[in-house]
Amino acid sequence: MKVLVVEDNLFLLESIKQILSDEYEVDTTDNGDDGLFMAQQNIYDCVVLDVMLPGMDGFEIVQKLRAEKLDTNILFLTAKDALEDRVKGLEMGGDDYLVKPFQAPELKARIRALLRRSGILSMDIRTKYRGMELLSKEKGMIVDGQPVKFTLKQYELLEYLIQNKGKILTREQIFDRIWGFDSDTTIAIVEVFIHHLRKKLEPFHYQKDIQTVRGIGYMLKTSEGE
């Protein structure tokens, strides 16, 4: 899972990244403009968002995201502890509010709670789609009862598609989510990996479930009965 941290205190920013990196892939930025741009890509499971930022503040960022119908989990992180500020943040579309200073276990617990509440983090560690079963701990997979080997990136790509079944994912979204903004490869890698996934799934007749949306990206079709 992927988390974005937007915080202008560089020491705290690096500390939060270290705290979360054992459980999540973490991207960071220290200003509101970049934070908004990165969050708008809709590739994050949670955004840890400081309120007081240079330029665009956290309240403005969440307003714009919600206006664009982006429902990414937002955890406000700020030194402002007045009741009216907490109420304002939640009313604008924030999902939770953590006041500085905080303890690392509480930050982790609040993020996990948001992910569980939104259905991203299931108490069941297995993700299923038709006859496919992803095993998150082992980074493995069972298809129609048979174990199938995948590379880490292939696993992450299929997991991302399953988590968003029925939704069109652009090539840019897939690239940023799986390879990251700072990757030294190119967006053409997405098409290559989609091809590899289809070849792996072909013996089980699931390759056509990964549909190409011409000129946009890809979509895993909704499984029957959903």
Side-chain angles (χ1 to χ4, degrees), residues 1-4 23-27 36-48 62 65-75 93 95 111-137 139-143 148 150-181 183 187-201 204-226:
M1 285 173 286
K2 202 159 187 173
V3 174
L4 171 65
E23 294 185 41
Y24 310 101
E25 184 176 347
V26 182
D27 287 342
L36 174 63
F37 170 77
M38 295 169 75
Q40 284 174 326
Q41 308 315 302
N42 200 24
I43 61 172
Y44 297 101
D45 300 297
C46 183
V47 178
V48 179
V62 77
L65 293 177
R66 297 312 188 221
E68 295 173 15
K69 308 300 183 184
L70 298 179
D71 59 359
T72 308
N73 292 298
I74 303 289
L75 173 63
D95 298 291
I111 291 175
R112 285 194 294 267
L114 288 179
L115 297 178
R116 283 195 299 269
R117 194 184 309 158
S118 60
I120 295 172
L121 181 64
S122 173
M123 297 304 289
D124 181 358
I125 62 172
R126 299 188 174 194
T127 300
K128 297 181 180 181
Y129 170 83
R130 297 187 66 188
M132 308 177 200
E133 185 175 53
L134 298 181
L135 311 177
S136 60
K137 184 176 180 180
K139 299 300 182 187
M141 181 174 184
I142 296 174
V143 182
V148 179
F150 286 86
T151 67
L152 178 59
K153 291 299 185 188
Q154 288 172 347
Y155 174 90
E156 291 176 346
L157 175 56
L158 185 56
E159 181 182 50
Y160 188 42
L161 289 169
I162 291 175
Q163 289 172 342
N164 291 277
K165 60 181 180 291
K167 299 179 182 178
I168 298 173
L169 297 172
T170 68
R171 292 179 179 85
E172 291 78 12
Q173 280 180 304
I174 295 171
F175 180 79
D176 292 341
R177 169 75 181 215
I178 306 302
W179 285 271
F181 288 102
S183 174
I187 199 168
I189 196 71
V190 174
E191 185 175 351
V192 173
F193 270 71
I194 290 289
H195 173 73
H196 289 166
L197 273 186
R198 285 171 171 159
K199 292 293 289 184
K200 287 282 184 76
L201 297 174
F204 306 96
H205 309 292
Y206 292 143
Q207 74 278 8
K208 292 184 179 179
D209 285 31
I210 303 176
Q211 301 176 336
T212 299
V213 183
R214 188 173 300 276
I216 300 176
Y218 302 93
M219 180 182 73
L220 186 68
K221 72 178 185 181
T222 304
S223 56
E224 294 178 4
E226 294 188 359

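- Within 6.0 Å of NZ on Lys153 lie more than 12 heavy atoms contributed by other residues, nucleotides or ligands.
- When all heavy atoms of Val3 and Val48 are compared, the closest pair comes out as CG1-CG2, 4.1 Å.
- Using a 4.5 Å heavy-atom threshold, the side chains of Ile210 and Leu161 count as touching.
- Proximity of Phe193 to Ile174: side-chain heavy atoms (C-beta onward) are nowhere separated by under 4.5 Å.
- Leu4 CG to Leu75 CG: the interatomic distance, rounded to the nearest 0.5 Å, is 12.0 Å.
- Here the straight-line distance linking atom CD1 of Ile162 with atom CE of Met132 works out to 6.0 Å at 0.5 Å rounding.
- Note on Asp95 versus Arg66: salt bridge recorded, some NZ/NE/NH1/NH2 to OD/OE distance being below 4.0 Å.
- The aromatic rings of Phe204 and Tyr206 sit parallel, their planes meeting at an angle under 30°, below the 60° perpendicular limit.
- Just one of Ile194, Thr170, Ile168 meets the side chain to side chain contact (heavy atoms under 4.5 Å, CB included) condition when paired with Tyr218; it is Ile194.
- Taken to the nearest 0.5 Å, the CG atom of Leu158 stands 10.0 Å off from the CD atom of Gln163.
- Judged as a salt bridge (Lys or Arg N to Asp or Glu O under 4.0 Å), and not counting sequence neighbours, the contacts of Arg177 are Asp45.
- Here the side chains of Ile111 and Met1 are not in contact, with every heavy-atom distance at 4.5 Å or above.
- One distance of note links OG1 of Thr222 with CZ of Arg130; it measures 11.5 Å at 0.5 Å rounding.
- The distance from the OH atom of Tyr129 to the CG atom of Leu220 is 4.0 Å, given to the nearest 0.5 Å.
- For the residue pair Leu201 and Phe150, the shortest heavy atom distance occurs at CD2-CZ, 4.5 Å.
- The side chain to side chain contact (heavy atoms under 4.5 Å, CB included) test applied to His195 returns Lys199, not counting sequence neighbours.
- What you find for Lys167 and Met219 is that their closest heavy atoms are O-CG, 3.2 Å.
- Interatomic distance, Glu156 CD to Leu134 CG, rounded to the nearest 0.5 Å: 11.5 Å.
- Residues Leu114 and Ile74 come closest through the heavy atom pair CD1-O, 4.2 Å.
- Listed by chain and residue number, Arg171, Glu172, Phe175, Val190 satisfy the side chain to side chain contact (heavy atoms under 4.5 Å, CB included) test with Ile187 (two or more places apart in sequence, or in another chain).
- Minimum heavy-atom separation, Val47 to Ala39: CG2-CB, 4.4 Å.
- Two residues are said to be in side-chain contact when any heavy atoms from C-beta on lie closer than 4.5 Å; Glu23 and Arg112 meet this criterion.
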